[in-house]
*Asks:* 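Quick one: structure below, then a few questions.
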Amino acid sequence: MKDPKTPACGKADVLIKWIMFTAAILGMAIFSAFYPIWGNVPMIVVPSILVLIFAKPVFFERLKLTTLLTMRVLIVFAALRLFNPQVYVDLIMLALIVNILEATLTDLLRYKKYFNAVSGFAVAVGVAALRGLWQWEAPFGDYYLTRGVIPAVTLMYAIAYTIWNWIFVTNEFSDSVALMHVGFLSAPLLGCLFTMGMGVYGGLGMWLLLRANSLAIGGWMQIGAKDWFEREFRSERFSRFVAWTKKRNVQIAAMLINLVLIGACIVITMMHGGVGFEFSPFFLD
C-alpha cells in the first residue's frame, strides 16, 4: 500500500537507483542463465530460501516464491543430468502457460480487468508458437533457448508478453513496485541484445530463460525488501503514467496490439509447418 506521508523521491534520484537496480538484475539473470549451478544457486536459490525463512511473506508471496524456487532447483538437477534436461525445457513451457493463466484469472475475477484478461488468454495460447531446446552443443554454459519458427515470432511474442504482464503488475501492485517491474521486464529484452553476438546460441532465444531468472530474482528482492522499494521507487511522474495506462482507451489499445502480435505469431507458425511437440524421454540413454 502507498504511504501518503512518504514524499516521492527526486526524479534523478529515482532514475539512478532504477538504472543500478535494472543493471544488477540484468547481470544476475545472464550469469544465472549460462551457469545454472554456479550462478543460479548463489543468486537465486539460496536468497529465495533465506527470504522464505526470515522475511515471513504472506501466503500468496510464499506460494509464488516457492513455485519459482522449485523451477530453479529443477534446473540444477537438469544441469547435473539427473534427468534429461530437455524434459525441464518442456516443463518450463507448461509452467509458463500456468503462470500466465494464474495472473489472467486474477485480472479477470479479482480486478475485473477484462481487456487485459483477453490479452492474457491470447498470450497463453501464443506459447504454442514457441519451442524450447536445451543447448547441448553450446560453446560455453549449460542452458536452453526458446524460439519461434523465425526470429520475428520470438520478438512479437516477447513484446506481447511484456505489455500484458506489465499491465497486470499495475493492477496487482503499487506504482513503486510497478516501476521495479519495468526493470524486471526490461532486463530480458536487454539481455537478448547483449547476447546477439553469440549467433545461434544467444539473442532472442535467451528471452524466456532471462525472463524466468529475472522473475525469480525479482521475487526474493520484492518480498525481502518491499518497504525499501515502496519508499525509494516512489515517483509522482511515474504514478501519473501508470494512471494514464489504466484509462479504458489505452487498455483497449494494448489488448488490440497484443491480439495482433499473438495472431501473427500463430499464423506465421502455421505457415511454417504448424505447431509441433514431442514428449522427451525422462532419462538420457
Side-chain angles (χ1 to χ4, degrees), residues 1-9 13-15 17-22 24-26 28-29 44 47-48 51-52 55-69 96 98-117 119-120 123 160-189 211-248 250-251 254-255 258:
M1 297 293 292
K2 300 176 185 177
D3 183 359
K5 297 180 180 179
T6 302
C9 299
D13 188 38
V14 172
L15 178 60
K17 283 181 288 192
W18 181 85
I19 291 174
M20 294 172 64
F21 164 77
T22 303
I25 289 286
L26 175 59
M28 287 191 286
I44 301 179
S48 297
V51 166
L52 286 171
K56 298 180 180 179
V58 300
F59 174 77
F60 176 76
E61 292 174 333
R62 182 177 296 277
L63 177 63
K64 194 71 173 180
L65 186 56
T66 300
T67 303
L68 294 170
L69 174 61
L96 175 61
V98 172
N99 182 271
I100 292 169
L101 291 178
E102 176 189 25
T104 298
L105 291 174
T106 299
D107 258 344
L108 181 64
L109 302 178
R110 182 187 299 177
Y111 300 114
K112 312 300 181 185
K113 300 294 183 178
Y114 302 114
F115 302 123
N116 204 48
S119 293
V123 172
Y161 175 95
T162 301
I163 294 171
W164 160 77
N165 191 257
W166 190 76
I167 293 177
F168 165 75
V169 166
T170 63
N171 297 328
E172 181 76 7
F173 303 112
S174 68
D175 296 345
S176 298
V177 175
L179 181 55
M180 281 179 64
H181 280 263
V182 174
F184 295 155
L185 290 165
S186 298
L189 297 172
R211 173 54 186 157
N213 286 356
S214 68
L215 182 61
I217 294 166
W220 67 257
M221 281 191 174
Q222 182 176 328
I223 295 171
K226 64 177 71 176
D227 292 339
W228 186 89
F229 284 109
E230 289 283 6
R231 181 179 67 252
E232 299 299 328
F233 275 31
R234 190 168 180 228
S235 166
E236 292 180 358
R237 173 175 289 189
F238 188 76
S239 293
R240 289 196 294 271
F241 171 72
V242 171
W244 176 79
T245 64
K246 291 183 177 181
K247 292 182 178 179
R248 179 184 176 89
V250 177
Q251 297 269 312
M255 178 190 69
N258 274 10

*Asks:* Run the ring pair (Phe, Tyr, Trp, His ring centres under 6.0 Å) test against Tyr161 and tell me which residues pass, sequence neighbours left out.
*Replies:*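 So Tyr161 forms a ring pair (Phe, Tyr, Trp, His ring centres under 6.0 Å) with Trp164, Trp207.
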*Asks:* Residues two or more places apart in sequence or in another chain: which of them pass side-chain contact (heavy atoms from CB on, under 4.5 Å) with Lys112?
*Replies:*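 Once residues adjacent in sequence are excluded, the partners of Lys112 under the side-chain contact (heavy atoms from CB on, under 4.5 Å) criterion are Tyr114.
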*Asks:* Ignoring hydrogens, what is the shortest heavy-atom contact between Ala55 and Gly224? Give both atom names and the distance.
*Replies:*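 Closest approach of Ala55 to Gly224: CB-CA, 4.4 Å.
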*Asks:* Is Glu232 close to Leu179 at the side-chain level, that is, under 4.5 Å between some pair of heavy atoms?
*Replies:*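 They are not in side-chain contact.
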*Asks:* So, for Asn213 and Ala29, which heavy atoms are closest and what is the spacing to 0.1 Å?
*Replies:*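 Reported closest heavy-atom pair: ND2-O, 3.0 Å.
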*Asks:* Any chance you could measure Lys113, atom NZ, to Ser119, atom OG, to the nearest 0.5 Å?
*Replies:*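 So the gap between those two atoms works out to 13.0 Å.
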*Asks:* Evaluate the side-chain proximity of Val177 to Phe233: yes if any heavy-atom separation is below 4.5 Å, no if none is.
*Replies:*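 The answer is no, as the side chains (C-beta and beyond) never meet within the 4.5 Å cut-off.
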*Asks:* Just to verify, what does Asn116 make a side-chain hydrogen bond (donor to acceptor under 3.5 Å, both in side chains) with, not counting sequence neighbours?
*Replies:*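 Result, side-chain hydrogen bond (donor to acceptor under 3.5 Å, both in side chains) vs Asn116: Asp107.
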*Asks:* Can you tell me how far the CG atom of Leu68 sits from the CG atom of Asn99, to the nearest 0.5 Å?
*Replies:*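 Separation between the atoms: 7.5 Å.
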*Asks:* Looking only at non-hydrogen atoms, find the nearest pair between Glu230 and Ser176 and report the distance.
*Replies:*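 Smallest interatomic distance, heavy atoms only, reads O-OG, 3.1 Å.
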*Asks:* Mind checking the CG-CD spacing from Leu52 to Glu61? Nearest 0.5 Å is all I need.
*Replies:*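 Rounded to the nearest 0.5 Å, the CG-CD separation comes out at 10.0 Å.
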*Asks:* Within the distance-only criterion (no hydrogens, no angle test), does the side chain of Thr170 pair as donor or acceptor with the backbone N or O of Ile167 below 3.5 angstrom?
*Replies:*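 Answer holds: yes.
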*Asks:* Where is the tightest heavy-atom contact between Ala178 and Val169, given as atom of each residue plus distance?
*Replies:*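 Heavy atoms of Ala178 and Val169 come nearest at CA-CG1, 3.7 Å.
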*Asks:* What's the separation between atom CG in Leu101 and atom CG in Leu108, rounded to the nearest 0.5 Å?
*Replies:*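 Output value for this atom pair is 11.0 Å.
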*Asks:* Answer whether the closest heavy-atom distance between the side chains of Val182 and Phe21 falls below 4.5 Å.
*Replies:*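 SC-SC contact between Val182 and Phe21 ruled out.
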*Asks:* Is there a side-chain contact between Asp13 and Lys17 in this structure, where contact means two heavy atoms from C-beta onward sitting under 4.5 Å apart?
*Replies:*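 SC-SC contact between Asp13 and Lys17 confirmed.
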*Asks:* Under a 4.5 Å cut-off applied to non-hydrogen side-chain atoms, are Leu189 and Arg211 in contact?
*Replies:*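 Side chain of Leu189 against side chain of Arg211, heavy atoms only: no contact under 4.5 Å found.
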*Asks:* Which atom pair, heavy atoms only, marks the closest approach of Thr104 to Gly120?
*Replies:*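 Taking Thr104 first and Gly120 second, the nearest heavy atoms are OG1-CA, 3.2 Å.
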*Asks:* Mind checking what makes salt bridge (charged side-chain N to carboxylate O under 4.0 Å, His left out) contact with Arg110, not counting sequence neighbours?
*Replies:*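 Checked Arg110 against salt bridge (charged side-chain N to carboxylate O under 4.0 Å, His left out); matches are Glu172.
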*Asks:* Just verifying a value: how many Å separate Asn258 CG and Ile163 CD1, rounded to the nearest 0.5 Å?
*Replies:*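 Nearest 0.5 Å value for the CG-CD1 distance: 5.0 Å.
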*Asks:* Check step by step if side chain to side chain contact (heavy atoms under 4.5 Å, CB included) holds for Phe184 and Ile25.
*Replies:* CA-CA 7 Å; Phe184 295 155; Ile25 289 286; 3.6 Å; yes
*Asks:* Looking only at heavy atoms, what is the nearest atom pair of Trp220 and Leu65, with distance?
*Replies:*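 Smallest interatomic distance, heavy atoms only, reads N-CD1, 3.8 Å.
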*Asks:* For Phe59, does the CZ atom sit with more than 12 other heavy atoms under 6.0 Å from it, leaving out its own atoms?
*Replies:*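 No, because the 6.0 Å sphere around CZ of Phe59 holds 12 heavy atoms or fewer from other groups.
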*Asks:* For residues Phe173 and Met180, determine if any side-chain heavy atom of one lies less than 4.5 Å from a side-chain heavy atom of the other.
*Replies:*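 A side-chain contact is absent here, since even the closest heavy-atom pair is not under 4.5 Å.
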*Asks:* Quick one: side-chain contact (heavy atoms from CB on, under 4.5 Å) partners of Ala225, sequence neighbours excluded?
*Replies:*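 Per chain and number, Ala225 pairs via side-chain contact (heavy atoms from CB on, under 4.5 Å) with Trp228, Phe229.
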*Asks:* Going by an N to O cut-off under 4.0 Å, is there a salt bridge joining Arg231 and Asp227?
*Replies:*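 No, no charged N to carboxylate O under 4.0 Å.
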*Asks:* To the nearest 0.5 angstrom, please state how far the CG atom of Leu26 sits from the OG atom of Ser186.
*Replies:*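 Reported to 0.5 Å precision, the distance equals 10.0 Å.
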*Asks:* Identify, with sequence neighbours excluded, every residue that meets side-chain hydrogen bond (donor to acceptor under 3.5 Å, both in side chains) alongside Gln251.
*Replies:*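 Gln251: no side-chain hydrogen bond (donor to acceptor under 3.5 Å, both in side chains) contacts found.
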*Asks:* Taking C-beta and beyond as the side chain, do Met221 and Met28 meet within less than 4.5 Å on heavy atoms?
*Replies:*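 Contact flag for Met221/Met28 side chains = yes.
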